[in-house]
Structures are given as structure tokens and as C-alpha cells.
S.K.: 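Just passing along the structure, written as C-alpha cells.
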Amino acid sequence: MSGKDFESLEKVLVTCLPEAELTEVRRLLFGKQLKNLNLPQSAIDAAEEQDFDLKGYVFEASPEQLRPPRTVRVGLIQNKIVLPTDAPVLEQITALHKRVGEMVEVAAMCGVNIVCFQEAWTMPFAFCTREREPWTEFAESAEDGLTTRFCIQLAKKYNMVVVSPILERDEIHGGTLWNTAVVVSNNGNVLGKSRKNHIPRVGDFNESTYYMEGNTGHPVFQTQFGKIAVNICYGRHHPLNWLMYSIHGAELIFNPSATVGLLSEPMWPIEARNAAIANHCFTCAINRVGTEYFENEFTSGDGKKAHHDFGHFYGSSYVAAPDGSRSPGLSRTRDGLLVTEMDLNLNRQVADKWNFKMTGRYEMYAEELKKAIQHDFKPNIKE
Ligand SMILES: NC(=O)NCCC(=O)O
């Protein structure tokens, strides 16, 4: 069975393991068992009709005496591109708006308060090609481009915060391109944007050909439902990136991604989950699905044959909690909507138990890092 035919680890476990072993294996692999979230039948029917995976889970926290629960429902959407990569640009964008718009409608039926889409969700992940045209034509203004206007409509219609990762064209700065997440509040105001801080230079991820390292730092957006931040894709390999969003107060960090099986799949279940544990917050990892075919062949600079695709984007979107528990992943092969309900009080409860922030010794590391980045730095090796 090839990577793109293998639906999910979770499915194999459920199919192959006896009940008692399954409980233990789940405890070890996923942490505390989560309750299933009761989703309305109308949403289940709509997901089936529209052919996407719909799953729902609950992360609980202990009741407190002084604080009421801070319950929020989060929706993660993973999807294939809809039209072939050589279809006219506007048609591709419009088809993706339609598909994802329908999935957001189902998220609304499920009571979702904050929804996040995958990285560069309005386009094929064409950066492997190194060609500029037509891919740069997918770039839009973060403030008032077609896609942001579409997200504003969704936000207002469903009273939902929308996190929309796009290829941004920044007309104020000479038409510069950025890889950017736009955050639209549930009343339809653009709260701001967060640009991708770390650009991959690995495999076919030739993104440095297109845009630069982000210059927006580590913004955290105060929404009606909690403080959120967006760490885009390759940023998840950088523990300091997660840390800084958390230091700025993020309670929930989204990681909209586009990544392929042969490159990163063994790392995928670990990185966002580890960040949730290390930073006493929730993390939400989202990956696209499918194989995207490009008309012109490209090489990977590894002596191997030229090819027309990037490989299989393996989906598997999931949510991780600060106590180390995580939801099962969505399918590796199908579009999907993952709905999780979490009580954000869990963040402080876990922080008070494990004290990673209190014991972090940031002053020591700040001092040592300041020295380590100097050109004449001498490593502390005793001989
Ligand atoms: N889109 C992106 O940054 N991909 C890089 C590969 C990875 O981080 O798995």
C-alpha cells in the first residue's frame, strides 16, 4: 500500500487491535482519552454528502472556584485543491472559496468559534516549480484582497473568527510577496496579520524563491474567544518561534502547513504536540491533502529524475493540549473538518502543575544566546 492510499494510523489501530490493547496503545500514543464531541446530525449528513471527514473531540479541564470555564470550539479545515493547477487563476481561487466556504458552513453548524485553513489555502503549493508565473498571480492584499473580503463575509455570517493563510502581495512595499496569515475577528474586522518567520530550504520547498522571512514578529490576536497566534508551517521546527508566541500570551497557536509524507511525516505528530506541552498552550496543526500535478517538470536538485508533483500531502490535522493529550488526526487522504472543544483554563492548570514558564531560566538563555550569535563566539568547551 503506497503512502497516498493509507488512510490513517488511527484507522489501522482501531481495525487491528483488540479493545483492551487499543485502550493502552491509545493512552501511550495520544495521552488522556478525549470524549467525542456530539455533533449535530445535520452537520454529519452535510459532511457525508460533501465527501469530507468530520470529527469532533473535547479537551476538558478541572472546574475551578474563582474562574468559570473558558470553553471555545475550534475548527481546522484540510483540503485538496479543487481544479487542476493549469486552470485559470481566478477559477482556481473561486473554486477553493466555494469548497472551503461549504466546509465553514458545516463548522458553523457544529458551533465553531474560530476556524483556521491550511497554509496558502487559495492556491496549489506551486513553490516546488520555481516558476514565477502564474503562481505569483495568486498573491493578494492581506487587508482587502478577494480572499480577505470573502473571509470577512464568512466571519460576519457565522460570528466566527477566521484565520486565513494566503500568499500576500504587499503593495505598500513595492509589491513584495509574503506568506501571511490574516486574522479576521468574528465581527468581520481584520484584526491583523502574521507573516511566516522561517522559510524552508529543504526538498522541493523552494519558497525562498518567492518570499522573504516575515517581519511581523510574534503577534498575538486578542479575540472574543481567547488569545491566538499563527506559526506558519516550517516555523514548527523552531522551538523558539513557538516560545515567543507563547511569551506574548498566546493560548492557542495555529500551525497551518503544507508538507509531504516522505519529508516530514514522522515529525508531524511530535512537533506541534511538543510545543503545546513546552508552552502550556493548545496547538493546532493543519496540513493539506492530495497530490498536485504541475504541467512543467521540475527537478529536486538531488540527481533524481524530473517529476510533475511534490509528493503526497498527508493531511493528518490534529489538536494538542498542554497536558500532552492530543486528538486523533484527520484522514491522510480526504478533505476534512476537525472540531475540538477546549477549556482554555487547562493552560494555567498545567502551568501550575509543571511550571515550565516559572522554571524556564529565560534570563540565562537570553544572556548565552546573545553571546553565541557573535562572530567571535567561543564555545564553552573544557579541555
Ligand atoms: N510549507 C512549508 O514550510 N513546508 C516545509 C516542509 C515542512 O516543514 O515540513
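Note that the coordinates shown come from a computational prediction; the quantities given were computed from them, not determined experimentally. We count ligands from 1, going down the list as the structure has it; atoms in each ligand are counted the same way.
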S.K.: When you look for protein heavy atoms under 4.0 Å from ligand 1, which residues do they belong to?
M.R.: E119, F125, K196, P200, F205, E207, C233, Y234, R236, H237, A258, T259, L263, S264
S.K.: Applying salt bridge (Lys or Arg N to Asp or Glu O under 4.0 Å), can you list everything that pairs with E133, at least two apart in sequence or on another chain?
M.R.: none
S.K.: For H308 together with Y293, are the ring centres under 6.0 Å from each other?
M.R.: yes
S.K.: For E10, which of R26, R332, R326 qualifies under salt bridge (charged side-chain N to carboxylate O under 4.0 Å, His left out)?
M.R.: R326
S.K.: Do T147 and H97 get their side chains close enough for a donor-acceptor pair, meaning under 3.5 Å?
M.R.: yes
S.K.: Please step through salt bridge (Lys or Arg N to Asp or Glu O under 4.0 Å) for the pair E292 and K80, ending with a clear verdict.
M.R.: CA-CA 8 Å; E292 300 174 1; K80 299 187 189 94; over 6 Å; no
S.K.: Can the ring centres of F59 and F282 be said to be less than 6.0 Å apart?
M.R.: yes
